[in-house]
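Have a look at the structure below before the remarks.
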2 protein chains.
Amino acid sequence: MLSKKTKYGLKALAYLGVQNDKKPIQIAEIAEQENISQKFLESILLSLRKSGFLGSKKGKGGGYYLLKTPTEILMTDVMRVLEGPISMVPCVSLNFYEKCDDCPDEAACSVHKLMLMVRDANLSVYRNTTLADIIQ
Amino acid sequence: MLSKKTKYGLKALAYLGVQNDKKPIQIAEIAEQENISQKFLESILLSLRKSGFLGSKKGKGGGYYLLKTPTEILMTDVMRVLEGPISMVPCVSLNFYEKCDDCPDEAACSVHKLMLMVRDANLSVYRNTTLADIIQ
DNA sequence: TAATACCCTACTTGTTTAGTAGGATAACAA
DNA sequence: TTGTTATCCTACTAAACAAGTAGGGTATTA
């Protein structure tokens, strides 16, 4: 299941992505428009800022804005930050590889084989999809 | 992340799949060979039996065995029983569809759009993979 | 009739999720 | 300079879920 964090994060990015100008948008506005708890959204936007997707401005007239254009924002990167590893098991992860402690032989493991295929299928979606592709 | 339940269930199915004869295999043997807690595996095999993948035999010489040949066991079905819905959000699920309560317009939802692509990618893997494909 | 091995329910423990609470800090405007 | 706005940051919490454990009951076979 997709976590609410990821869902809300994606919705917020999409909301910022459809704005034509680069004027900062307030958390409160996004939260209200997208039916998200404001405080929860606050922490999500914070992590999106820390990972380089968003810029922010404090004080009156402040808010968040995209640092790149939607066509430059890859779902691979967004998903890794919001949802974590794309692989369903660490032993097939490109960025978070870890050997299974219970599995003596990766090459012979049926779970490994299946999860490799699943990982590749997911990666091909996320790598070929940008924020621009999912807004409008 | 893939649950241990699914991981163990797949390993057990694979273990039963490589047996050439149809002789029942005991939980204890699978648990030992695959490094799985026996009691936990017991409950997993029980659910695989109740969903029609396995047959069982009680008493001495008893155990579990596949009810179909590995080429007939689709990953779509296995994953749905062990891991639950293949979709990451209910609003794109074929078998467990549910409308999002916070989302006014599915067609315009960016999360919906992305998750549709992800669902299709995963389905195409699971639908085209049988137990036979992941053993050996 | 004793041993074997599955059958079934209920409980426990640890982790994660989805928030809440409450204040600190920076920027702008009067 | 002072009040207001809005982000920044830490810590806490309730509920759900995962991953087992415990302890028997029941059917089959020798």
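Only heavy atoms go into these numbers, but all of them, side chains included; no hydrogens, no water, no symmetry mates. Labels below follow one simple rule: chain letters A, B, ... track the order of the sequence lines, proteins then strands, and each chain is numbered from 1.
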Nearest whole Å is fine: how far is [N] [atom2] from [X] [atom1]?
X	N	atom1	atom2	result
A:Glu32	D:dA6	CD	P	13 Å
A:Ile44	C:dT17	CD1	P	12 Å
A:Lys4	C:dT20	NZ	C1'	17 Å
A:Met1	C:dT17	CE	P	14 Å
A:Asp102	D:dG20	CG	C1'	15 Å
A:Tyr65	D:dT7	OH	C1'	12 Å
B:Leu82	D:dA19	CG	C1'	15 Å
A:Leu2	C:dT17	CG	C1'	13 Å

Can any side-chain N or O of [X] pair as donor or acceptor with the backbone N or O of [Y] at less than 3.5 Å?
X	Y	result
B:Lys39	B:Ser43	no
B:Asn122	B:Arg119	no
A:Glu72	A:Thr69	yes
B:Thr129	B:Tyr126	no
B:Gln26	B:Gly62	yes

Problem - Any A:Tyr8 side-chain N or O less than 4.0 Å from OP1/OP2 of C:dA18 - result: no

Practice task
Examine D:dT21: is either OP1 or OP2 under 4.0 Å from a nitrogen or oxygen in the side chain of B:Ser37? Give yes or no.
Solution key: yes

Exercise for the section: Can you check each nucleotide of nucleotides 2-10 of chain C against protein heavy atoms at under 4.0 Å and return B for base, S for sugar-phosphate only, - for none, in 5' to 3' order? Expected result: --BSSBB--

Practice task
Rounded to the nearest 0.5 Å, what's the gap from CG on B:Leu10 to CD1 on B:Ile135? Could you check?
Solution key: 11.5 Å

